[in-house]
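To start, the structure itself, in C-alpha cells.
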Amino acid sequence: MLYEMIGIVRPGRLSEVKEIAKTAGKIVLDQRGVVRGVTNWGTYLLPKPAKKLQSTHHTGHHFIMRFDASPKTQHMLRRTMSLDPRLIRYSVVKMGVKFEDIKDVPGKAQFR
C-alpha cells in the first residue's frame with residue numbers, strides 16, 4: 001500500500017527535520033518497505049496555533065514522505081512519530097492499494 005506522511009516539525013533547526021525523516025525512513029526500510037521520496041516544503045504558518053508540550057507553535061517546518069509499506073509498518077511509524085517531542089503534528093494518508101492506482105505516483109510531492 002502507498003502511504004503519504006505529512007510531518008510538521010518545530011521550526012528553527014533543519015537538522016531535526018532530517019533526523020525525523022531519517023528515523024521514519026529507517027522504520028519503513030527495516031520492515032521491508034520502500035521509501036519513494038522525501039520532500040522538504042520549508043517553514044509555513046500553521047492554520048491555527050498548535051499546543052505541544054506546554055508550548056504554543058504558530059509556524060512549523062513541513063515535510064512529506066511517500067512510502068510503500070504494510071499496515072503494520074504504518075502503525076509502527078505512527079506510534080514512533082507520536083512519541084517524538086520535536087513533531088508538532090503529523091498525518092499518514094493511504095493513497096492507494098491497487099497497482100494501477102499507485103504505479104504513476106511520483107516520490108516528490110509538489111506544493112501547489
Side-chain angles (χ1 to χ4, degrees):
M1 287 188 231
L2 175 63
Y3 294 100
E4 181 176 75
M5 183 181 94
I6 302 164
I8 304 173
V9 182
R10 60 185 180 193
R13 294 189 192 136
L14 187 59
S15 61
E16 287 184 347
V17 178
K18 289 180 181 178
E19 284 179 30
I20 292 171
K22 189 183 284 188
T23 301
K26 186 171 178 352
I27 291 169
V28 172
L29 293 174
D30 286 348
Q31 297 298 316
R32 298 185 183 140
V34 175
V35 176
R36 289 195 183 198
V38 178
T39 307
N40 179 9
W41 277 4
T43 304
Y44 291 101
L45 283 172
L46 299 175
K48 62 180 185 175
K51 290 186 179 184
K52 178 93 180 215
L53 296 175
Q54 299 179 351
S55 62
T56 304
H57 300 277
H58 298 281
T59 59
H61 197 105
H62 295 66
F63 75 95
I64 304 279
M65 183 177 83
R66 287 189 176 162
F67 60 96
D68 295 294
S70 67
K72 180 182 173 188
T73 304
Q74 184 259 137
H75 180 71
M76 288 175 62
L77 182 66
R78 281 180 175 269
R79 186 178 53 220
T80 304
M81 293 297 116
S82 67
L83 296 175
D84 196 328
R86 300 171 295 182
L87 266 171
I88 298 171
R89 197 172 278 159
Y90 73 95
S91 178
V92 179
V93 179
K94 181 167 65 172
M95 296 183 68
V97 178
K98 295 182 181 177
F99 179 73
E100 292 81 23
D101 298 337
I102 62 174
K103 67 179 179 172
D104 296 326
V105 176
K108 186 170 177 127
Q110 296 295 327
F111 183 72
R112 296 183 198 187

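What you are looking at is a predicted structure, and each value in this text was computed from that prediction instead of being measured. Along the sequence shown, the residues carry numbers beginning at 1.
Taken to the nearest 0.5 Å, the OH atom of Y44 stands 9.5 Å off from the NE2 atom of H61. Here the CZ atom belonging to R10 is positioned 4.5 Å from the CD atom belonging to E16, to the nearest 0.5 angstrom. Atom NE2 of H57 and atom NZ of K48 lie 14.5 Å apart (nearest 0.5 Å). The distance from atom CZ of R66 to atom CD1 of I6, rounded to the nearest 0.5 Å, is 9.0 Å. The CG atom of L2 sits 11.0 Å away from atom NZ of K94, with the distance rounded to the nearest 0.5 Å. The distance from atom CZ of F63 to atom CG of L14, rounded to the nearest 0.5 Å, is 11.5 Å.
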Dump the intermediate steps for side chain to side chain contact (heavy atoms under 4.5 Å, CB included) on F67 and L77, then the final yes or no.
CA-CA 11 Å; F67 60 96; L77 182 66; 3.5 Å; yes
T56 and H58: CA distance, side-chain angles, deciding distance, side-chain hydrogen bond (donor to acceptor under 3.5 Å, both in side chains) verdict:
CA-CA 7 Å; T56 304; H58 298 281; 5.8 Å; no
Set out, in order, the CA-CA distance, both residues' side-chain angles and the distance that settles side chain to side chain contact (heavy atoms under 4.5 Å, CB included) for M76 and R79, then state yes or no.
CA-CA 5 Å; M76 288 175 62; R79 186 178 53 220; 3.7 Å; yes
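Taking all atoms of both residues into account, the shortest heavy-atom contact from G42 to N40 is N-OD1, 3.0 Å. A pairwise comparison of heavy atoms in G60 and P11 identifies CA-CD, 4.1 Å as the closest pair. What you find for G25 and M65 is that their closest heavy atoms are N-SD, 3.9 Å.
Side chains of H62 and L46 form a contact here, defined as non-hydrogen atoms less than 4.5 Å apart.
Considering only residues two or more places apart in sequence or on other chains, S70 meets the side chain to side chain donor-acceptor pair (under 3.5 Å) condition with T73.
Side-chain heavy atoms closer than 4.5 Å link hydrophobic residues (I, L, V, M, F, W, Y) into clusters, and following such links, even through other members, never connects V34 to I64.
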Table please: side-chain donor-acceptor pairs of residues 83-90 below 3.5 Å, with sequence neighbours left out.
residue: D84; atom: OD1; partner: R86; partner atom: N; Å: 3.0
residue: D84; atom: OD1; partner: R86; partner atom: NE; Å: 3.1
residue: D84; atom: OD2; partner: R86; partner atom: NH2; Å: 2.9
residue: R86; atom: NH1; partner: E19; partner atom: OE1; Å: 2.7
residue: Y90; atom: OH; partner: R78; partner atom: O; Å: 3.0

